[in-house]
Amino acid sequence: MAELNLILLGPPGAGKGTQAERITEDFNLPYIATGNILRAAVAEGTELGLKAKGYMDAGALVPDEVIIGVILDRLQESDAQDGFLLDGFPRTVPQAEALGAELKELGRELTAVLLIDVSDDEVVRRLSGRRVSAKTGRVYHVEFDPPKREGVCDVDGSRLIQRDDDKPETIRNRLSVYHESTEPLVGYYTEEGVLRRFDGERPPAEVHDHIRAQIATLRLEDRL
Ligand code: ADP
Ligand code: ADP
């Protein structure tokens, strides 16, 4: 079967994590989310975590030389050999170039870059109401996707928290970082012919239907 090598692209709060949970289940792909990897490293106090923390707290990007090696190594692990879903990487053109070079060397290529499009105003609404399970990473929204019991994860009853970087000043900084450093990837991947755009302002189930249908089509085309 053809590999599904997928990237989720979009501003912070677009719904990448929300969609990833569904897509990885549909297509049985390993989920590689740089934000989760970095937060785990910070929590464990590893060398990576110590390097990353200050940037993350400020809503800035961790330097390319810190993150690129970590992700390229992760892609070498056995579960990622038949496909992967990357979320939060690449976030800069140099990261995209490094990923492209690595895949090329391995004789692999990207299947699609899934861009989830939402306006800045919607990003602010979403991130200010986002709550996450500190334990499982499962994402909720106080208004758009509330847990059954306030402040508690539906899945395992763990406590829901607000991420430090989901505070108003940091949200604005992350948005401007997105426009300046990450949005150029839209043009980059359009030129490579792999960009697929989705209206992220639709309800989560609808966004998911569109993405799933698109991936199914790409798979079918690949087999023809
Ligand atoms: P969101 O889910 O809101 O888009 P993430 O969880 O992906 O945010 O990222 C949180 C933070 O981790 C970012 O603000 C940034 O500091 C850091 N980070 C994540 N991925 C990368 C990356 N590819 N390059 C540099 N920094 C990153
Ligand atoms: P990202 O991973 O892109 O930063 P998340 O998946 O964490 O985004 O979603 C950000 C917030 O918006 C969460 O609180 C989530 O519950 C909510 N959300 C996600 N998708 C939608 C949607 N389509 N409509 C409304 N709210 C959404």
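For ligands, and for the atoms within them, numbers begin at 1 and follow the listed sequence.
- A donor-acceptor distance shorter than 3.5 angstrom exists from the side chain of Thr111 to the backbone of Glu3, with no hydrogens or angles considered.
- The side-chain tip of Arg138 points at the ring of Tyr140 from less than 6.0 angstrom away and within 45° of straight on.
- Sequence neighbours left out, the pairs with a member in residues 115-124 that pass salt bridge (charged side-chain N to carboxylate O under 4.0 Å, His left out) are Asp117-Arg197, Glu122-Arg125, Glu122-Arg126.
- The backbone N or O of Gly10 lies less than 3.5 Å from a partner atom in the side chain of Lys16, making a donor-acceptor pair.
- Look at Arg202 and you'll find a heavy atom under 4.0 Å from some atom of ligand 2.
- Which parts of ligand 2 touch Phe144 is read off a 4.0 Å heavy-atom cut-off, strictly below it: atoms 25 (C), 26 (N).
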Pairwise, report which nitrogen or oxygen atoms of ligand 1 are under 3.5 angstrom from protein nitrogen or oxygen atoms, and how far apart they are.
unit_1: ligand 1; atom_1: 3 (O); unit_2: Arg130; atom_2: NH2; d: 3.0
unit_1: ligand 1; atom_1: 3 (O); unit_2: Arg174; atom_2: NH2; d: 2.4
unit_1: ligand 1; atom_1: 4 (O); unit_2: Lys16; atom_2: NZ; d: 3.2
unit_1: ligand 1; atom_1: 4 (O); unit_2: Arg91; atom_2: NH2; d: 3.3
unit_1: ligand 1; atom_1: 6 (O); unit_2: Arg39; atom_2: NH1; d: 2.9
unit_1: ligand 1; atom_1: 6 (O); unit_2: Arg39; atom_2: NH2; d: 3.2
unit_1: ligand 1; atom_1: 6 (O); unit_2: Arg163; atom_2: NH1; d: 3.4
unit_1: ligand 1; atom_1: 6 (O); unit_2: Arg163; atom_2: NH2; d: 3.3
unit_1: ligand 1; atom_1: 7 (O); unit_2: Arg91; atom_2: NH1; d: 3.1
unit_1: ligand 1; atom_1: 7 (O); unit_2: Arg91; atom_2: NH2; d: 3.2
unit_1: ligand 1; atom_1: 8 (O); unit_2: Arg91; atom_2: NH2; d: 3.4
unit_1: ligand 1; atom_1: 8 (O); unit_2: Arg163; atom_2: NH2; d: 3.3
unit_1: ligand 1; atom_1: 9 (O); unit_2: Arg91; atom_2: NH2; d: 3.4
unit_1: ligand 1; atom_1: 16 (O); unit_2: Ala60; atom_2: O; d: 2.6
unit_1: ligand 1; atom_1: 20 (N); unit_2: Thr34; atom_2: OG1; d: 2.8
unit_1: ligand 1; atom_1: 20 (N); unit_2: Gly88; atom_2: O; d: 3.3
unit_1: ligand 1; atom_1: 20 (N); unit_2: Arg91; atom_2: NH1; d: 3.0
unit_1: ligand 1; atom_1: 23 (N); unit_2: Gly88; atom_2: O; d: 2.7
unit_1: ligand 1; atom_1: 23 (N); unit_2: Gln95; atom_2: OE1; d: 3.0
unit_1: ligand 1; atom_1: 24 (N); unit_2: Gln95; atom_2: NE2; d: 3.0
unit_1: ligand 1; atom_1: 26 (N); unit_2: Val62; atom_2: N; d: 3.0

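- Near Gly200, meaning under 4.0 Å from any of its heavy atoms, are these atoms of ligand 2: 23 (N).
- Listed by atom number, the atoms of ligand 2 under 4.0 Å from Pro203 heavy atoms are 23 (N).
- In terms of N/O distances under 3.5 Å, ligand 2 is approached by Tyr140.
- Using a 4.0 Å cut-off between a side-chain N of Lys or Arg and a carboxylate O of Asp or Glu, Arg74 and Asp79 qualify as a salt bridge.
- Side-chain atoms of Ser181 and Thr92 include no donor-acceptor pair closer than 3.5 Å.
- Contact annotation: the side chain of Glu169 never approaches that of Asn173 to less than 4.5 Å [non-hydrogen atoms, C-beta and beyond].
- Note on Lys53 versus Asp57: salt bridge recorded, some NZ/NE/NH1/NH2 to OD/OE distance being below 4.0 Å.
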